[in-house]
Protein chains: 2
Amino acid sequence: MTDQTGQAILEPTGGSRAGNRALSVMDQIREAVLNGSVAAGKRLNEVRLSRTLAVSRTPVRAALQALAGEGLLDYAPNRGFTVREFPLDAIVDAYEIRASLEGVAARFAAERGLSPDEKATIERSLGAGDRLLERGSFEAGDLTIYREINGDFHDTLLAAARNRMLAEMIRICHHVPVSSSRNIVAFEHRDVRRRHDDHHRIYEAVIAREPWRAEMLMREHVSSVKASLVKFLTERSRDNETDAAAAGPLPG
Amino acid sequence: MTDQTGQAILEPTGGSRAGNRALSVMDQIREAVLNGSVAAGKRLNEVRLSRTLAVSRTPVRAALQALAGEGLLDYAPNRGFTVREFPLDAIVDAYEIRASLEGVAARFAAERGLSPDEKATIERSLGAGDRLLERGSFEAGDLTIYREINGDFHDTLLAAARNRMLAEMIRICHHVPVSSSRNIVAFEHRDVRRRHDDHHRIYEAVIAREPWRAEMLMREHVSSVKASLVKFLTERSRDNETDAAAAGPLPG
DNA sequence: TCAACAAATATTACATACACTTTTGCCGCT
DNA sequence: AGCGGCAAAAGTGTATGTAATATTTGTTGA
């Protein structure tokens, strides 16, 4: 068992969050888990992690406990923490859950109304998307840009829902390893255009204060992303003949 | 500031979970938070807790971390953990979120089907409820019994959904302080009867493999519980003229 | 060759000491 | 009195040692 793989990716950098090594360590471990550099099911060794990250075991333990709370790790008494397994089923289900939750968020936003700032941000996002899609085809980097635009739209609407529990749950859905949106870039222009149209309609429903229509549209919107993902994953697993359980990270 | 209140409720008992003080401490603190014996917004002092519970700070910190992960506590660097505030709005929203999530769970259960054991459990729950409701009025303790019946129904359907993330999120919704179902017992016979009828219909939809109907029925079902809660809370806050922010625990 | 058991090793659980940050409260000043 | 600043106190963050538990390794006997 040469299990020194993976954990070498983690580097003893000071980390971004000053004044709290536990949080910094937490970010680094989460990053390593999300981008797949530590394999699912793998046991995370405290002392090795602390050596690798050049801190003591205490902040490492704190980080592991917090990440278990986020649902990224499993904990078993006297056996420590392991990277949680996310079979393909669970990943697809996570989209379904997210669709439902973001639907509620859209409904809340439509009920509660948007602040001027939020309106401005969303309208900027919609305009930027329109301009990006005008050309009819994508150039290099365009998908990365659209991902940002897409994130602004969803984040702002979620903020307008004004509910912390909802925000945290949706965040958890986003933090599913492998399926994490940043790993998915291989979408076609037509798909993106249709989703951007969805954004327009959702925003109209929110502005028109039509909560249930907003919810329904948002649900359908996220569900369609799920459908694209499934299509992408099945095609990919047909191409390279690895196992279909979505073990490895997707191509960036 | 006489802030030694509340924490005196916690006792240095060995705790139920053997072999792991952190988990035992976690259970005790959660209990204290859920039943309202430590007030919302209050700061949880590590050293005092460790003295009260007769353990060192290490398992206390672990427990606090985990509870923060459950969403019951807030954490701020260098300032420790505080009991999270749940304004009435957030409590009501939590029911809305739960309605959406349990709806998805019912859909999944209808798609995936129930095991023979699960069918048996649910049918037992339905039968027990029928018998309890036959008399037309409640006696002392009947509501407690029905709470158990109700719990069996929902738990079993959730298990049949076969999705861990969903189960954890719904569990979080259940663990909202004050609103925690065990604190709510003041429901009328007619309400319970109607909800039990809901259970029958939901089960029929699940057995008939009608996922979307099951989802819709479950959503409506949980939403109606929310409505009852709102009615109950507003009436209560009209009676005793304390603040309407639902600060104290509800009468058992 | 394999199973069962025991010693050795590895790893986590807990306690505690020290470092650093925040809060408290006192004091002198205006 | 009210305010600013400094020092003491309290509290959290981190490191590390020890105890308890799990895992591996090695040995023995069938």
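Note on naming: letters A, B, ... go to the chains in the order of the sequence lines (proteins, then strands), and numbering restarts at 1 for each one.
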**OP:** Starting at atom CG of B:L44, determine the distance to atom C1' of D:dT12, rounded to an integer number of angstrom.
**Re:** 13 Å

**OP:** Write down the distance between CZ (A:R43) and P (D:dA22), rounded to a whole number of angstrom.
**Re:** 10 Å

Original post:
Is any side-chain N of the basic residue among B:R164 and A:D74 closer than 4.0 Å to the acidic one's carboxylate O?
Top reply: yes

Pull out every protein N or O sitting under 3.5 Å from an N or O of nucleotides 6-10 of chain D, one pair per line with the distance.
none

**OP:** Could you check which of D:dG13, D:dA15, C:dA13 has an atom nearest any side-chain atom of A:P59?
**Re:** D:dA15

Original post:
For the pair made of CD in B:E46 and C1' in C:dC20, what is the distance, rounded to whole Å?
Top reply: 14 Å

Subject >> Residues B:D93, A:R112: salt bridge by 4.0 Å N-O rule >> reply: yes

Original post:
Toward the 5' end of DNA chain D, which comes first, A:R79 or B:V47, by nearest nucleotide?
Top reply: B:V47

Original post:
Are B:V92 and B:Y95 side-chain neighbours, meaning at least one heavy-atom pair lies under 4.5 Å?
Top reply: no

**OP:** Go through D:dT12, C:dT12, D:dT14 for me and flag the one nearest to the A:A22 side chain.
**Re:** D:dT14

**OP:** Can you tell me the distance, in whole Å, between the CZ atom of B:R57 and the P atom of C:dT16?
**Re:** 12 Å

Detail all sub-3.5 Å separations between protein N/O atoms and N/O atoms belonging to nucleotides 6-8 of chain C.
none

Subject >> Backbone of A:A120 reached by a side-chain donor or acceptor of A:E123 within 3.5 Å >> reply: no

Original post:
Between B:F81 (CZ) and C:dT22 (C1'), how many Å, whole number?
Top reply: 16 Å

Original post:
Ignoring hydrogens and angles, does a donor from either the side chain of B:T58 or the base of C:dA13 sit under 3.5 Å from an acceptor on the other?
Top reply: no

Original post:
So, does B:S100 use its side chain to make a donor-acceptor pair with the main chain of A:L101 at under 3.5 Å?
Top reply: no

Original post:
Between D:dT21, C:dT22, D:dT14, which one does the side chain of A:N20 approach most closely?
Top reply: D:dT14

Original post:
In whole Å, what is the span from the CZ atom of A:R21 to the P atom of D:dA15?
Top reply: 4 Å

Original post:
Below 4.5 Å, heavy atoms only, C-beta onward: do B:E46 and B:L49 meet side chain to side chain?
Top reply: no

Original post:
Rounded to whole angstrom units, what separation is found between the CZ atom of A:R61 and the P atom of C:dA15?
Top reply: 12 Å

**OP:** Taking only the side-chain heavy atoms of B:S56 (C-beta and beyond), determine which of D:dT12, C:dC14, D:dT16 contains the nearest atom.
**Re:** C:dC14

Original post:
Is there a side-chain contact between A:L34 and A:L72, using heavy atoms and a 4.5 Å cut-off?
Top reply: yes

**OP:** Report yes if some heavy atom in the side chain of B:F153 is under 4.5 Å from a heavy atom in the side chain of B:L157; otherwise report no.
**Re:** yes

Original post:
Quick one: do B:E168 and A:R84 make a salt bridge, cutoff under 4.0 Å?
Top reply: yes

Original post:
Is the shortest heavy-atom distance from the side chain of A:E70 to the side chain of A:M26 under 4.5 Å?
Top reply: yes

Subject >> pair B:S125-B:H154: side-chain heavy atoms closer than 4.5 Å >> reply: no

Original post:
What is the distance, rounded to the nearest whole Å, between atom CG of A:N78 and atom C1' of C:dA13?
Top reply: 7 Å

**OP:** Would you check if A:R43 and A:R79 make a side-chain contact, meaning some heavy-atom pair closer than 4.5 Å?
**Re:** yes

Original post:
So which of residues 65-72 of chain B are in contact with DNA chain C, with a heavy-atom cut-off of under 4.0 Å?
Top reply: none

Subject >> Distance-only donor-acceptor test (3.5 Å): side chain B:R48, base D:dG11 >> reply: no

